[in-house]
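Lettering follows sequence order; numbering is per chain, from 1.
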2 protein chains.
Amino acid sequence: MPPRLPQPRSNTSEEILDIAEMLIETRGYSAISYQDISEQLGIRKASIHYHFPSKTDLGAAVVERYMQRFEQALAELEGDASKTAMQMFEAYTVPYMEFADTPDRICLCGALAGEILALPAPVRALVQRHFVLHQEWLARLLRRGARSGEFNFPGQPPRMARHVLAALQGALLIKRATGSLLQLSDTIAMIRSQLQSH
Amino acid sequence: MPPRLPQPRSNTSEEILDIAEMLIETRGYSAISYQDISEQLGIRKASIHYHFPSKTDLGAAVVERYMQRFEQALAELEGDASKTAMQMFEAYTVPYMEFADTPDRICLCGALAGEILALPAPVRALVQRHFVLHQEWLARLLRRGARSGEFNFPGQPPRMARHVLAALQGALLIKRATGSLLQLSDTIAMIRSQLQSH
DNA sequence: GTCTATACAAAGATAGAC
DNA sequence: GTCTATCTTTGTATAGAC
């Protein structure tokens, strides 16, 4: 019996999620509407409600899909025995640089964290879970580098993981607000330096 | 002739600004309404429009007042010759800890940065300016500490200033999303350590 | 699955009485 | 300065035809 793959959504559903994700990353959940998506996709508002009855359903679906992609990418990175810890860290920062190369997007969960109290409960719970999993992954990476002697940072891995994630999220946020790419590149440089401090 | 003081606003105007500021820090600009403020203050929506005709006026007034308070506090801190650079840094972090001690607030400009593209242009410009001034102040503090030998961090002060601000803003954001105060306290500890690295 | 039409509530804003 | 009343637009959502 072939492995049970996740049921693929219809093309339209996927396109709705693509547009919704992009719009949330630019304007935030509160500020987007079915009308915005409708205009970009070229179908009517009511048709979107067919795929995602409520905005809560839509928001939750966007975050779930994002988390699945994200966690899979991290798992693959973690499983690549050919990479040093620093190479893994560099690979990990690539998506941040990609976001920073757009004029108006930040990562989905950073955007949602900014309005966490305005989110419907199911969406909020997903965002919280994302941050927990994300930091646990980072802590494992840091521990691996510390054990191998590649990294030499102060404090325990979970503490440094919190610091690294905070700095990257904050850098993306301020980069978009000020338009200066240095905000992210300098932050990454300082983290890299701190990971290798002697 | 006595110095021209800034014209004090009416009590009601100030109360409106107080409530609006608090609500933006918790829910964000897009998610708050004249109705929300009306309910908390116990006057009608129309009365708020008397003080601040449009939501843009209100948002700009909130940020302007915040920036004035903020910049004055930083200037006083900077002018206090009795403090070491590290003592200044510690004093600088106090408001972050105060925000983190609330369950639901982050600093105003961090909250607004999260929805920068959804903001009316005048508000957006103020937020951008705030980040510039804020980082310039931080860079001066770092330079002072580096010159005196108190600090020993990698890179130039403006780069480290970007990193420090990013980490603190990101830590507040994730602290609120996850509820863990460690997010901020660990981040501050890591920054402190990096400022004194040898 | 997509459409038109519509319901319903909320938001931003204004007019005019007091 | 604050009120009631009202206007207009937008947002979320549903009903029912095609």
Side-chain angles (χ1 to χ4, degrees), chain A residues 7-63 65 111-112 114-115 117-124, chain B residues 7-63 65 111-112 115 117-124 126:
Chain A
Q7 201 61 19
R9 260 182 254 263
S10 75
N11 275 352
T12 305
S13 288
E14 286 295 331
E15 287 174 70
I16 291 169
L17 292 178
D18 289 342
I19 293 169
E21 181 174 328
M22 191 255 292
L23 286 175
I24 294 173
E25 286 166 354
T26 57
R27 281 187 262 161
Y29 178 85
S30 298
I32 70 163
S33 69
Y34 278 58
Q35 185 61 36
D36 297 324
I37 300 168
S38 159
E39 280 161 16
Q40 289 220 13
L41 187 53
I43 69 175
R44 295 283 155 161
K45 281 195 297 176
S47 310
I48 301 173
H49 279 285
Y50 168 79
H51 295 277
F52 302 98
S54 77
K55 195 177 172 183
T56 299
D57 296 325
L58 175 59
V62 168
V63 181
R65 194 184 66 155
L112 293 172
E115 45 186 348
L117 294 168
L119 299 180
V123 181
R124 197 185 308 180
Chain B
Q7 201 60 19
R9 261 181 251 263
S10 74
N11 276 351
T12 305
S13 287
E14 286 295 331
E15 286 174 70
I16 291 169
L17 292 177
D18 290 341
I19 293 169
E21 182 174 328
M22 191 255 292
L23 286 174
I24 293 172
E25 287 167 353
T26 56
R27 280 186 263 162
Y29 179 84
S30 298
I32 69 163
S33 69
Y34 277 58
Q35 185 60 37
D36 296 325
I37 299 168
S38 159
E39 281 161 14
Q40 289 219 14
L41 187 53
I43 70 174
R44 295 285 164 164
K45 278 198 300 176
S47 310
I48 301 174
H49 279 285
Y50 168 80
H51 295 276
F52 302 98
S54 75
K55 194 177 173 183
T56 299
D57 297 325
L58 175 59
V62 168
V63 181
R65 194 184 65 155
L112 293 171
E115 44 185 349
L117 294 168
L119 298 180
V123 181
R124 199 185 307 179
L126 287 167

**Asked** Could you go step by step and tell me if A/Ile37 and A/Leu58 meet the side chain to side chain contact (heavy atoms under 4.5 Å, CB included) rule?
**Response** CA-CA 11 Å; A/Ile37 300 168; A/Leu58 175 59; 3.6 Å; yes
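No contact: A/Ile37 has no heavy atom under 4.0 Å from any strand. Contact annotation for B/Tyr50: base contact, defined as any heavy-atom pair under 4.0 Å involving a base atom. A/Ile32 comes within 4.0 angstrom of sugar-phosphate atoms only, judged by non-hydrogen atoms across all strands, and of no base. Using a 4.0 Å heavy-atom distance criterion, B/Ser47 is classed as a base contact.
Straight-line distance from the CZ atom of A/Phe52 to the P atom of D/dT14: 15 Å, rounded to whole Å. The CD atom of B/Gln35 sits 21 Å away from the P atom of D/dT9 (whole-angstrom rounding). Atom CD1 in A/Ile16 sits roughly 10 Å away from atom C1' in C/dG1 (whole-Å rounding). Residue B/Tyr34 contributes atom OH, which lies 16 Å from atom P of D/dG1 at whole-angstrom precision. The distance between atom CG of A/Asp36 and atom P of D/dG11, rounded to the nearest whole Å, is 6 Å. What separates CD of B/Glu14 from P of D/dG1 is a distance of 13 Å, to the nearest Å. If you take CZ of A/Arg9 and C1' of C/dG1, they are 16 Å apart, rounded to a whole angstrom. With rounding to whole Å, B/Arg44 atom CZ is found 14 Å from D/dT6 atom P.
Closest to the A/His51 side chain, of the nucleotides C/dT2, D/dG11, C/dG12, is C/dT2. Counting only heavy atoms from C-beta on, A/Lys55 has its side chain closest to D/dA13 among C/dG1, D/dA13, C/dT4.
Side-chain contact between B/Val63 and B/Ile24 is absent, with no heavy-atom pair separated by less than 4.5 Å. Side-chain atoms of A/Arg65 and A/Asp18, non-hydrogen and from C-beta on, do get closer than 4.5 Å to each other. Between B/Ser30 and A/Tyr29, the closest side-chain pair of non-hydrogen atoms is not below 4.5 Å.
Between A/Arg27 atom CZ and B/Leu119 atom CG the span is 12.5 Å, to the nearest 0.5 Å. Summarising the geometry, atom CG belonging to A/Leu23 is positioned 5.5 Å from atom CD1 belonging to A/Ile32; distances are rounded to the nearest 0.5 Å.
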Would you tabulate the pairs of protein nitrogen or oxygen atoms and nucleotide nitrogen or oxygen atoms of nucleotides 14-16 of chain C closer than 3.5 angstrom?
none

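For the residue pair A/Asp36 and A/Ala31, the shortest heavy atom distance occurs at OD2-O, 3.9 Å.
In terms of phosphate contacts, B/Thr12 brings no side-chain nitrogen or oxygen within less than 4.0 Å of OP1 or OP2 of D/dG1.
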